[in-house]
There are 2 protein chains.
Amino acid sequence: MQPSGKQLSTTQRAVHLLREMIFRGDLAAGSDHLESELAVRLEMSRTPIREAALTLESQGLLELRPRKGVRILPVSPDDMEEIYDVLTELECLAARRAAEANYSRHDLKALAAAIENMEHALEIKDLENWAKSDDLFHRELVRLGQNSRAFSVFEMMNDQVRRARSVTLFMRPLPVQSNEDHRQLYEAIAKGDATRAVEIHRDHRQNAKHMMLDLLSKHRLNSV
Amino acid sequence: MQPSGKQLSTTQRAVHLLREMIFRGDLAAGSDHLESELAVRLEMSRTPIREAALTLESQGLLELRPRKGVRILPVSPDDMEEIYDVLTELECLAARRAAEANYSRHDLKALAAAIENMEHALEIKDLENWAKSDDLFHRELVRLGQNSRAFSVFEMMNDQVRRARSVTLFMRPLPVQSNEDHRQLYEAIAKGDATRAVEIHRDHRQNAKHMMLDLLSKHRLNSV
DNA sequence: GCATTCATTTGCGTATGCATTAAATAATGC
DNA sequence: GCATTATTTAATGCATACGCAAATGAATGC
């Protein structure tokens with residue numbers, strides 16, 4: 001993801017490490033952690049921890065609560081609904097722009113590859129890899145939309161979806177329809193049919209939202 | 001805007017002050033400023049300045065460039081196009097949700113008031129106040145959409161629009177059509193006609209985008 | 001002159017120190 | 001006992017200190 005030869009600053013490392021700890025549940029949703037505690041844990045001073053926390057706060061992953069430490073934000077079903085609604089609009093915008101952009105099949109290679117991977121993962125029932133490729137597909141779609149702001153908001157929101165998915169992935173039925181949708185979207189974009197691309201994708205996302213909300217409602221914790 | 005009795009922290013003050021300085025052009029777009037320089041200017045230490053800068057960076061107002069100081073980000077026509085596209089989607093989402101929400105006329109009071117103010121301001125050709133009310137209208141619309149994430153992204157992007165508008169406001173023709181659009185949108189929402197609300201507002205925003213891009217292209221600086 | 005190397009400056013990234021103040025605990029009055 | 005106030009504790013917010021590395025400028029070689 002970042003093959004830059006530059007060696008990253010302590011603050012950047014803190015951001016990465018904290019993100020990972022949050023995603024793998026090492027820092028549980030809803031839990032509180034003192035800055036100083038995190039500092040010793042990551043073997044650095046409070047300063048980079050604080051700066052990283054500020055960054056992550058603006059990304060909606062945690063919250064700084066004076067004297068209570070940083071709180072890892074849980075994602076409730078209501079939050080998920082908001083997130084999916086925003087994602088739907090941004091991805092549909094991307095789908096429309098991508099369809100209008102007259103991309104060649106070659107330009108859409110990454111999109112096609114993601115579909116292939118998903119189909120293969122689906123065949124061997126490798127959900128982890130399916131999810132990874134699905135993610136890649138959506139990210140590539142938004143990238144093709146050529147709107148850097150939409151992209152960065154997408155990434156922020158998508159982070160939260162990934163978090164929720166880590167809990168719901170194995171509760172859901174096999175995503176056969178999902179793969180079908182992706183293929184149709186790909187075709188619509190390749191053909192330059194913007195209206196259809198948006199139509200397909202809006203449905204696709206709306207279904208995903210309902211699926212997610214349904215699964216979350218069945219989940220004992222009901223927030224992640 | 002914030003009548004809270006709490007007295008705000010130095011960092012928060014720094015955020016507010018820097019924002020104001022940026023909006024009033026006191027810190028010009030494209031200019032660089034050393035952290036230490038800003039610190040003496042705001043009469044505080046570098047720490048809150050840095051923290052504020054980090055926050056503003058995540059809001060897209062400036063950029064921290066090691067050894068070159070914080071750079072106030074200019075907004076180019078390309079940026080504006082991206083921003084308007086995102087705003088269009090988020091506001092249309094809000095319009096749809098607002099229409100679906102079965103709001104009473106009473107709930108829509110603030111929206112109506114904003115329209116009245118805009119019409120009055122238009123009559124007496126008070127563009128400053130027209131812009132202020134227009135802003136309020138859009139913000140209220142998104143608020144009615146009841147999606148806090150959409151709202152905060154909206155606010156971020158809208159900040160940039162305000163910045164650009166401060167330069168283009170007096171170049172544009174009187175916004176008569178704009179007011180007409182607002183009234184129609186209000187009616188569609190009040191009647192619960194989501195499809196029409198979206199339709200109207202998408203057009204409205206698309207027109208605004210083109211107007212803005214057109215004005216910017218005529219502007220000597222061509223970025224703000 | 002021009003390029004290259006070396007010395008110097010300086011801004012930032014990080015660490016550390018400290019005052020403030022919210023929270024927690026103990027103490028007091030009823 | 002219970003409520004209220006005083007006292008202590010401790011985490012933060014901010015200031016300050018400092019080393020490093022980038023940028024600048026001087027000095028040297030060609």
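Labels below follow one simple rule: chain letters A, B, ... track the order of the sequence lines, proteins then strands, and each chain is numbered from 1.
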Checking A:Arg202, A:Arg139, A:His201 against A:Glu91 for side-chain hydrogen bond (donor to acceptor under 3.5 Å, both in side chains), the one that qualifies is A:His201

Respond yes when some side-chain nitrogen or oxygen of A:Thr10 is under 4.0 Å from OP1 or OP2 of C:dT14, and no when none is.
yes

Between residues 30-39 of chain A and DNA chain D, which residues have a heavy-atom gap below 4.0 Å?
A:Leu34, A:Glu35

Given atom [atom1] of [X] and atom [atom2] of [N], what is their separation to the nearest angstrom?
X: B:Leu64; N: C:dG11; atom1: CG; atom2: P; value: 15 Å
X: A:Gln12; N: C:dC12; atom1: CD; atom2: P; value: 15 Å
X: B:Arg13; N: D:dA15; atom1: CZ; atom2: C1'; value: 14 Å

salt_bridge(A:Arg149, B:Asp79) N-O dist < 4.0 Å
yes

Within the 4.5 Å heavy-atom criterion, are [X] and [Y] side-chain neighbours or not?
X: B:Val153; Y: A:Met156; result: no
X: B:Asp159; Y: B:Arg163; result: no
X: A:His182; Y: A:His138; result: yes
X: A:Val161; Y: A:Met80; result: yes
X: A:Asn117; Y: A:Leu136; result: no
X: B:Tyr103; Y: B:Lys109; result: no

Could you check whether atom NZ of A:Lys209 has more than 12 heavy atoms from other residues, nucleotides or ligands sitting under 6.0 Å from it?
yes

Expected list for residues 44-60 of chain B near DNA chain C, using heavy atoms below 4.0 Å, is B:Arg46, B:Arg50

Quick one: does B:Glu51's side chain have a donor or acceptor within less than 3.5 Å of a partner on B:Thr11's backbone?
no

Contact list (N/O, under 3.5 angstrom) for nucleotides 20-24 of chain D vs protein:
residue, atom, partner, partner atom, Å
D:dA22, O4', B:Arg67, NE, 3.3

